Amino acid sequence: MDKTNFLILLNGEDRTDKIELFVKDGRKLRVQFQGNIKEYEYKLENVVVRENPIVISIENKVVYHEDIPLFGVEHLLNFDGIIRVFFKNRKSSIYTANKIRIVDNSISTHNAQSILAYWRQISNFIGKDEGAGEVLNKIFQKLTFVSQESVLGSYINKEPVKNISSSTNNIIFPFNFNLSQKDALDHALKSNISVIEGPPGTGKTQTILNIISNIAIMQGKSVAVVSSNNAAVKNVKDKLEERNYQFFVASLGSKDNQKIFFDNLPQYESFFDDQYVLNENELMEKIQKLNHEIEFLMNLNNEKARVQQELAAYKIEKQHFDHYYETQNYHEMKQSFFRTTPEKIISFLADYTFATNNNKEDGLLYKAKLLIKYGFTNYKALKKHQMDMIIDLQQRYYSLKIESLEKTKDNLKQKLDHADYDQLLEKYQEYSSLLLKYTLHKKYHGWQQVELNERTYKKNFKTFINQFPVILSTTHSLRNCIPENYLFDYVIIDEASQVDLLSGVLALSCCKNVIIVGDTKQLPQIVNITIESKINLEYVDESYNYFRHNILSSILSLYKDELPKTLLKEHYRCHPKIIEFCNQKYYKGELVPFREEKEGDEPLILYRTSEGNHMRELKHSKGKFNQRELDVILYEVLQNPNFTEESNNKIGFVTPYRKQVEKAVDILADNIESDTIHKYQGREKLIMIMSTVLDQTQEGKKGLSFVDDPCMINVAVSRAQNCFILVTDHVLFSKYGREVSDLIRYMEYNTLDKNIVNSEIVSVFDLLYREYSNKLISLNRKIGKNSKHKSENIMWALLTDILNEERYIGLEFRFQILLNNLINYQDRFDEEEQQYIKNGASVDFIIYYKLNRKPILAIEVDGFEYHENDPSQLERDILKNNILSKFELPLLRFPTTGSREELTIRKKLDELLGY
């Protein structure tokens with residue numbers, strides 16, 4: 001009798017292998033078992049007999065039972081909804097068909113195989129290193145199956161991001177949260193791949209904790225949290241332990257870590273008395289009722305923070321204007337505006353400039369407009385003292401704008417206070433926390449601890465993962481922590497910019513959905529670039545290039561705008577003046593600082609060493625250090641009376657070079673933490689001191705490409721909570737650098753350094769001209785038939801496109817800048833030039849460093865009728881050329897009859913920036 005061709009279940013038990021003979025007798029089944037002459041009778045309703053099964057091929061496939069992979073499967077037979085699985089050890093088991101999944105291999109295509117072969121070859125070279133490299137190599141040699149249900153399967157085959165049906169209706173936030181973090185969770189629950197871009201101090205860990213609460217506890221799914229090092233995942237573990245949530249978290253990873261975990265299994269501690277009964281539905285109802293109101297108030301709170309941010313910017317710009325204002329020998333004007341507002345002043349200035357540019361300032365229509373729109377009648381004074389009036393209006397603009405912003409901020413605060421925002425938020429989090437605890441209590445109360453260890457838990461993984469749905473590991477060890485081909489519901493990759501592509505790929509092979517948390521503006525992973533020349537394989541897509549990408553940048557490169565991603569905008573760590581450098585320089589101004597400035601704060605301090613070359617290089621160890629910068633720190637910086645010996649443990653020292661760290665450790669107090677910038681990523685201090693080390697020697701200049709790195713400077717600055725102190729060469733970076741030089745410019749501008757305040761070329765008043773330029777360009781567009789205005793509009797669009805590029809991220813431009821606002825002292829000019837400036841002469845476009853508003857390039861658009869066809873205008877052009885030339889501000893002129901404007905501008909900018 002061929003027993004593989006039928007299946008008999010007796011009282012629900014598979015007895016097929018034991019049956020020698022079975023005969024149907026009426027409503028009974030007579031059965032004789034092997035080696036037993038006696039016959040047994042069974043009622044037919046207790047018997048299942050199935051014959052002629054369908055053979056299921058499992059070649060290059062994996063079989064799952066309730067999400068747990070079955071090992072050693074030889075073949076399967078489907079008996080009409082009942083699956084019999086035959087194993088290589090000659091045993092078999094039966095399962096209901098709806099609990100069995102057979103999954104194909106996703107690396108069957110030539111392209112996928114080529115990519116995997118490329119990574120495998122790299123792992124051969126990495127595997128020569130002990131530790132993580134060796135582990136990676138062993139795993140890649142065995143990696144022949146990648147589940148089609150895994151994220152790696154989608155990623156390696158360039159499949160689009162998938163929408164998933166996970167509910168976002170009943171989400172909770174037991175940890176603090178904000179609008180960006182709420183959006184991040186929403187994306188994570190709706191897509192199989194999502195990215196959370198987390199700039200410094202924006203609450204990445206807090207976001208991860210809320211994601212874990214919803215996915216692992218409220219939805220009962222499995223989650224792994226991984227990173228390239230133990231410190232990042234330990235941070236998640238520590239935060240959970242602070243709330244006594246350690247009992248559902250397994251810290252695995254290496255075999256040593258696994259042993260430590262099982263030797264000290266966390267125990268469940270009841271959150272509630274047995275007598276205390278919570279109403280789950282009532283809690284969710286209260287949470288949902290608060291949702292809309294909380295979101296509305298969070299938007300108000302964000303708006304208040306943005307207003308505070310803008311207010312701080314206007315205040316610092318007003319201080320610069322006040323210094324400029326004091327140098328002007330102006331005739332005080334009595335102006336008669338009605339309902340004077342900052343917007344009204346901007347509109348008046350734009351109308352005035354527009355009228356003078358078009359020779360309409362004496363026209364009746366223009367004067368009527370001034371009367372009707374502004375209530376202005378003092379036309380003679382405007383004609384005679386136009387520059388005095390403009391300067392006076394600019395002064396009033398700043399005062400009125402600041403007053404307006406202060407009022408807006410107070411109004412927003414009153415609305416928040418009236419709504420008891422803080423109390424409502426606290427209540428919302430309390431309800432969320434109670435519901436989380438209720439859910440945990442319901443699952444774990446009375447739970448019997450599993451009797452497993454590091455050798456047995458994989459064989460009983462369903463039981464293990466049910467008790468410990470959150471697993472922590474490093475990226476390269478995750479696959480070794482779980483049964484082969486097991487897929488987590490979610491993997492969260494933290495500090496993803498430092499996760500190399502090979503380690504990240506292994507994490508993607510272990511999950512159905514992934515949430516990648518990181519920041520491309522912080523330090524990336526370090527790879528051995530010398531390996532690249534040894535790789536000899538066919539071309540693979542740039543997005544999969546191990547030497548160009550980490551896992552975060554690879555995913556961003558592959559999916560581009562299709563990828564659901566959230567930028568965490570709300571920043572809490574740093575003093576606003578500190579983070580605003582990073583915000584303007586690296587994050588396009590999208591961050592919103594929530595800390596407020598206080599009078600007397602000194603968040604930015606700059607020390608330049610005395611003239612001379614102070615860097616030394618140890619040839620035998622290739623180490624660079626700068627004793628003079630260390631002396632400045634020891635004998636000047638740390639002598640600040642605010643820095644007491646007790647505060648040393650709040651001070652950090654950071655530098656690009658390991659040798660400088662070693663020297664610092666020898667001379668600085670033991671409780672001042674000294675480390676390289678790479679090692680300081682993820683840490684913070686109240687006070688951070690940075691030493692740049694390099695000087696103007698040839699060897700010093702060679703180090704610029706290493707030190708003057710945007711990611712490195714971003715990390716260094718954003719480690720400081722209250723005060724950032726830069727100790728650097730007196731002139732090197734100002735002459736040759738880009739990142740550090742922008743940092744120096746920003747620090748000087750925001751501390752009103754005397755070298756900037758007294759400069760002959762003053763800062764462009766960015767905020768004033770932002771409003772003014774936008775108003776003026778809109779007026780020009782209304783009469784586009786005029787060739788000059790057409791060309792100005794075209795230049796506006798061209799400059800917008802150019803300066804939006806990453807290459808020129810540190811620059812901005814403004815339109816129609818008055819020469820009088822551009823140049824501080826005018827004693828170098830002859831009488832004609834001075835009069836020309838006072839008559840309201842302007843420059844069409846000024847490109848400037850946005851971090852200190854310092855002009856870098858002037859651009860003039862010369863319409864044919866206004867210039868070449870007008871001799872008097874040509875004379876004025878020569879005057880303007882001479883004025884700008886005296887102060888070494890480069891000028892580009894573009895006639896409307898010319899060409900190659902974009903190429904000319906790019907070439908000049910690259911020259912000025914040192915590219």
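Here the structure is a predicted model, which is why all the values come from computation and not from measurement.
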Mind checking what makes side-chain hydrogen bond (donor to acceptor under 3.5 Å, both in side chains) contact with [X], not counting sequence neighbours?
| X | result |
| --- | --- |
| R738 | none |
| K577 | E597 |
| N804 | none |
| Y397 | Y314 |

Exercise. Quick one: CD1 on I578 to SG on C723, what's the gap to the nearest 0.5 Å?
Worked result: 6.5 Å
Exercise. Distance from T728 atom OG1 to L743 atom CG, nearest 0.5 Å?
Worked result: 9.0 Å
With a 4.0 Å cut-off on N to O distance, would you call [X] and [Y] a salt bridge?
| X | Y | result |
| --- | --- | --- |
| K409 | E596 | yes |
| E805 | R906 | yes |
| R770 | E310 | yes |
| E812 | R814 | yes |
| E406 | K315 | yes |
| D742 | K850 | no |
| E833 | K886 | yes |

Problem set entry | Chi angles and distances behind the side chain to side chain contact (heavy atoms under 4.5 Å, CB included) call for Y398, L400 | CA-CA 6 Å; Y398 282 109; L400 289 169; over 6 Å; no
Exercise. D729 and T692: which non-hydrogen atoms are nearest, and at how many Å?
Worked result: N-OG1, 4.1 Å
Exercise. Closest heavy-atom contact between I859 and L891?
Worked result: N-CD1, 4.1 Å
I'd like to check the side-chain contact (heavy atoms from CB on, under 4.5 Å) partners of [X]; sequence neighbours left out, ordered by chain and number.
| X | answer |
| --- | --- |
| E303 | R306, V307, L412 |
| S610 | H614, R628 |
| E580 | Q309, N583, Q584, P593, Y746 |
| S741 | R745 |

For this session: Just say parallel, tilted or perpendicular for the rings of W796 and F815, cut-offs at 30° and 60°.
Result: perpendicular
Exercise. Ignoring hydrogens and geometry, is there a side-chain-to-backbone donor-acceptor pair from S718 to V715 under 3.5 Å?
Worked result: yes
Problem set entry | V727 backbone acceptor or donor facing S691 side chain under 3.5 Å | no
Output all residues satisfying ring pair (Phe, Tyr, Trp, His ring centres under 6.0 Å) with [X], sequence neighbours left out; order by chain, then residue number.
| X | value |
| --- | --- |
| Y772 | Y769 |
| F706 | Y657 |
| F733 | none |

For this session: Kindly determine whether K521 and E739 satisfy salt bridge (Lys or Arg N to Asp or Glu O under 4.0 Å), including the steps that lead there.
Result: CA-CA 13 Å; K521 305 300 183 183; E739 306 304 317; over 6 Å; no
Problem set entry | side chain to side chain contact (heavy atoms under 4.5 Å, CB included) evaluation trace for L889 with L822 | CA-CA 10 Å; L889 181 60; L822 193 63; 3.7 Å; yes
Problem set entry | Residue pairs fulfilling salt bridge (charged side-chain N to carboxylate O under 4.0 Å, His left out) with at least one residue in residues 345-359, sequence neighbours excluded | D351-K369, D351-K373
Exercise. Does CG belonging to L903 count more than 12 external heavy atoms closer than 6.0 Å?
Worked result: yes
